[in-house]
Number of protein chains: 2
Amino acid sequence: MDLFVKVFKALGEPTRLKILRILSVRPMYVCELESVLNISQPRISQHLRVLKEAGVLREAKEAQKTFYMLNGDIIERVFGDFIQFLGEDIGKLPGFEKETARIANLDSDSCVQSCKNVNSAGS
Amino acid sequence: MDLFVKVFKALGEPTRLKILRILSVRPMYVCELESVLNISQPRISQHLRVLKEAGVLREAKEAQKTFYMLNGDIIERVFGDFIQFLGEDIGKLPGFEKETARIANLDSDSCVQSCKNVNSAGS
DNA sequence: TTATTATATAATAATATCCTTATATTGTGA
DNA sequence: TCACAATATAAGGATATTATTATATAATAA
């Protein structure tokens, strides 16, 4: 799930989406992105790092320059995995053990805050 | 593009992803989510609002209760639209006019900051 | 009407994100 | 080596997000 969060967080920012869209035209150097986007170089570098760390971009160093490109069809794959994640039997998902158990225990009284536990206190 | 940002931002948060995953088992009342997730009610309500405003969830009021459910296959549709957005001819995208023009003007000197403009200043 | 249930909203503090300015790093050519 | 080009990183302030606590709203039942 952490990967989903990371990727969606990376995509959920307008400047990064613009960078992605530009790089989907063709791979570019940072300095080219700077010309195209007309925003500051550190700002671009920082966003590129987030996208790279999410696995969405790859980089290729060429002398002083760095070439950035979309990382294959990773976005499609993550999207597919996410749809699958939503459709999967929740009992099979790691990290949802407690939730699965609590869903199984949901009964019609689940929403009644009143004296549910008072009587079971025994005396 | 704003819609993409809104949806990805909504998905890019662990608690909201958990809520989504739980609601993909079946629609639930807020109080049921509270039992299942074991987190505070305001926290759940606030996340539900974000998801609803992104269009990912729908709600149905039933007396005092509110029933929340996944909004059909909107996620799949947004994902599909986004892949299409990335593949589209950038010249056809609203909001990318300037970038399109600047890409067209990129030349081999695009990365040379030096005296590009000095000579053209005329004298 | 009054109390209670279910939910939403408001206010606040803690944390995270984003952008800018400044500086560091690394490679290249003079 | 020295200067510079290209990029990355660091530090700072401004803003946004998240979670908590407290309160408001709205429906229902007594």
Side-chain angles (χ1 to χ4, degrees), chain A residues 2 5-19 23 27-54 57-69 106 108-118, chain B residues 2 5-19 23 27-54 57-69 106 108-118:
Chain A
D2 293 352
V5 171
K6 203 165 198 176
V7 171
F8 290 137
K9 200 166 279 193
L11 298 182
E13 207 281 333
T15 303
R16 285 196 288 270
L17 275 198
K18 268 203 159 170
I19 290 177
L23 288 178
M28 289 190 193
Y29 299 111
V30 177
C31 50
E32 291 181 304
L33 284 170
E34 207 180 334
S35 298
V36 172
L37 287 163
N38 211 29
I39 62 182
S40 77
Q41 176 268 315
R43 188 173 159 194
I44 293 178
S45 278
Q46 284 157 1
H47 284 305
L48 286 171
R49 180 157 49 104
V50 174
L51 289 166
K52 192 184 63 179
E53 285 177 353
L57 296 183
R58 282 187 311 123
E59 66 176 12
K61 302 264 185 192
E62 295 185 9
Q64 320 99 310
K65 298 187 183 181
T66 316
F67 204 52
Y68 280 91
M69 64 204 82
L106 280 180
S108 52
D109 286 343
S110 292
C111 290
V112 181
Q113 312 171 329
S114 54
C115 322
K116 257 200 303 187
N117 306 317
V118 173
Chain B
D2 293 352
V5 171
K6 203 165 198 176
V7 171
F8 290 137
K9 199 167 282 192
L11 298 182
E13 206 281 333
T15 304
R16 285 196 288 272
L17 275 199
K18 268 203 160 172
I19 290 176
L23 288 178
M28 289 190 193
Y29 299 111
V30 178
C31 48
E32 290 183 305
L33 284 170
E34 207 179 333
S35 296
V36 173
L37 288 163
N38 210 29
I39 61 181
S40 76
Q41 175 269 314
R43 187 174 159 193
I44 293 178
S45 277
Q46 284 157 2
H47 285 304
L48 286 171
R49 180 156 50 102
V50 173
L51 289 166
K52 192 184 63 179
E53 285 177 354
L57 295 183
R58 282 186 310 123
E59 66 177 11
K61 302 264 184 189
E62 294 184 11
Q64 320 101 308
K65 298 187 182 180
T66 315
F67 204 52
Y68 280 91
M69 65 204 81
L106 281 180
S108 52
D109 286 344
S110 291
C111 289
V112 182
Q113 312 171 330
S114 55
C115 321
K116 257 202 299 187
N117 306 316
V118 173

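Convention: sequence-line order gives letters A, B, ...; per-chain numbering from 1.
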Selection from [options] that lies nearest to any side-chain heavy atom of [X]:
X: A:Arg16; options: C:dT21, C:dC18, C:dA8; answer: C:dC18
X: A:Lys9; options: C:dC19, C:dT17, C:dA11; answer: C:dT17
X: B:Ser40; options: C:dA8, D:dA19, D:dT20; answer: D:dT20
X: B:Lys61; options: C:dA8, C:dT28, D:dA19; answer: C:dA8
X: A:Val30; options: D:dT7, C:dT9, C:dA8; answer: D:dT7
X: B:Ser45; options: C:dA8, C:dA22, C:dC19; answer: C:dA8
X: B:Lys65; options: C:dT7, D:dT7, C:dC19; answer: C:dT7

Can you check the [X] [atom1] to [N] [atom2] distance for me, whole Å?
X: B:Leu17; N: D:dT18; atom1: CG; atom2: P; result: 11 Å
X: B:Gln46; N: D:dA24; atom1: CD; atom2: P; result: 17 Å
X: B:Ile44; N: C:dT9; atom1: CD1; atom2: P; result: 15 Å
X: A:Gln41; N: C:dA24; atom1: CD; atom2: P; result: 15 Å
X: A:Gln64; N: D:dT7; atom1: CD; atom2: P; result: 8 Å
X: B:Leu51; N: D:dT17; atom1: CG; atom2: P; result: 14 Å
X: B:Glu13; N: D:dA16; atom1: CD; atom2: P; result: 18 Å
X: B:Leu48; N: C:dA8; atom1: CG; atom2: P; result: 7 Å

What class does the angle between the rings of B:Tyr29 and B:Phe67 fall in, given that below 30° is parallel, 30 to 60° is tilted and above 60° is perpendicular?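 Judged by the thresholds at 30° and 60°, the geometry between B:Tyr29 and B:Phe67 is tilted.
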Ignoring hydrogens and angles, does a donor from either the side chain of B:Glu59 or the base of C:dT7 sit under 3.5 Å from an acceptor on the other?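 Checked by distance alone, the answer is no.
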query = Quick one: the side chain of A:Glu62 and the base of D:dT7, do they pair up donor-acceptor inside 3.5 Å?
reply =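 Flag unset: no donor-acceptor pair detected.
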ask   = Taking all atoms of both residues into account, what is the closest heavy-atom pair of B:Ser35 and A:Leu106, and its distance?
value =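 Answer, listing the atom of B:Ser35 first, then A:Leu106: CB-CD2, 4.0 Å.
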- Please examine the side chains of B:Leu11 and A:Leu11, heavy atoms only from C-beta on, and report whether any two atoms are closer than 4.5 Å.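 No, their side chains stay 4.5 Å or more apart.
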| task | Please examine the side chains of A:Leu23 and A:Met28, heavy atoms only from C-beta on, and report whether any two atoms are closer than 4.5 Å. | result |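 Contact flag for A:Met28/A:Leu23 side chains = yes.
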Nearest heavy atom decides the nucleotide; on that basis, is B:Gly12 or A:Arg49 closer to the 5' end of DNA chain D?
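On the 5' side of the pair lies A:Arg49.
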Euclidean distance, A:Lys65 NZ relative to A:Glu32 CD, rounded to 0.5 Å:
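Here the interatomic distance stands at 7.0 Å.
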From CG (B:Leu48) to CG (B:Leu57), nearest 0.5 Å: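 It comes to 6.5 Å.
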*5'-most contact on DNA chain C: A:Ala63 or B:Tyr68, nearest heavy atom basis?*
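On the 5' side of the pair lies B:Tyr68.
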Who pairs with D:dA30 - Watson-Crick or G-U, where each distance is under 3.5 Å
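C:dT1 - that is the nucleotide pairing with D:dA30, both distances being under 3.5 Å.
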Phosphate oxygens OP1/OP2 of D:dA19: is one of them under 4.0 Å from a side-chain N or O of B:His47?
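So the side-chain polar atoms of B:His47 do come within 4.0 Å of the phosphate oxygens OP1 or OP2 of D:dA19, strictly under.
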